[in-house]
Structures are given as structure tokens and as C-alpha cells.
Amino acid sequence: SYIPLLAETLHHPHPPIRAHSAWAIGKLGGKNAKELLITAQAKEKDRDVQREISLALQKVTEID
């Protein structure tokens, strides 16, 4: 139920918010989590956020 809000905050102007959103999506997982993270990763320019997205993707992939 939080995934739609987190999907929006993956595109927030502040990198720490994007990073925390990626972390939370990775923690929650779910059907659309991997797709959301891959899409965000393709657009992300901040290195710290990229790293958090990669870690979240690893968690989501482990669950699959």
C-alpha cells in the first residue's frame, strides 16, 4: 500500500529522499518493486542514490 507513494518519491528533487525511497521499496518488495527500481536506476544521476537502488534491487532479486 506504500509502494505508490514511494514510487513518487523516487523522483523527488532531494537525493536523500530518493535514496530512502529506494531502500524502502527494496525492503517491502512486491510485484512492481523491481520494475520501479530499474526505471529509477536508468534515470538516476546521483552516485549515492544509484548505490541505494542497486542494494534495493539485490534485495528484491533475492526475494524473487
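V49 and L5 fall into different hydrophobic clusters, where Ile, Leu, Val, Met, Phe, Trp and Tyr are joined by side-chain heavy atoms under 4.5 Å apart, directly or via other members. When hydrophobic clusters are built by joining Ile, Leu, Val, Met, Phe, Trp and Tyr residues whose side-chain heavy atoms come closer than 4.5 Å, directly or via intermediates, W23 is not grouped with V60. Criterion: ILVMFWY side-chain heavy atoms under 4.5 Å apart, direct or through other members. Under it, I38 and L55 are not part of a common hydrophobic cluster.
The minimum heavy-atom distance between L6 and A24, with the atom names listed, is CD1-CB, 3.7 Å. Closest non-hydrogen pair, A7 versus I25, comes out as N-CD1, 4.3 Å. Here the closest non-hydrogen pair linking A22 and A56 is O-CB, 3.1 Å.
The side-chain hydrogen bond (donor to acceptor under 3.5 Å, both in side chains) check on Q50 picks up nothing, with sequence neighbours excluded. Considering only residues two or more places apart in sequence or on other chains, D46 meets the salt bridge (charged side-chain N to carboxylate O under 4.0 Å, His left out) condition with none of them.
Atom-to-atom distance recorded for K59:NZ and L28:CG is 10.5 Å, nearest 0.5 angstrom. Considering OG of S54 and CD of E44, their distance stands at 10.5 Å, rounded to 0.5 Å. Considering CG of L37 and CG of L10, their distance stands at 6.5 Å, rounded to 0.5 Å. Atom-to-atom distance recorded for T9:OG1 and I17:CD1 is 7.5 Å, nearest 0.5 angstrom. In this structure, CD in E8 is found 11.0 Å from CG in L36, a value given to the nearest 0.5 Å. For the atom pair CG (L57) and NZ (K34), the distance works out to 7.5 Å, reported to the nearest 0.5 Å.
Looking at R18, its side chain does come within 3.5 Å of a backbone N or O of H12 through a donor-acceptor pair.
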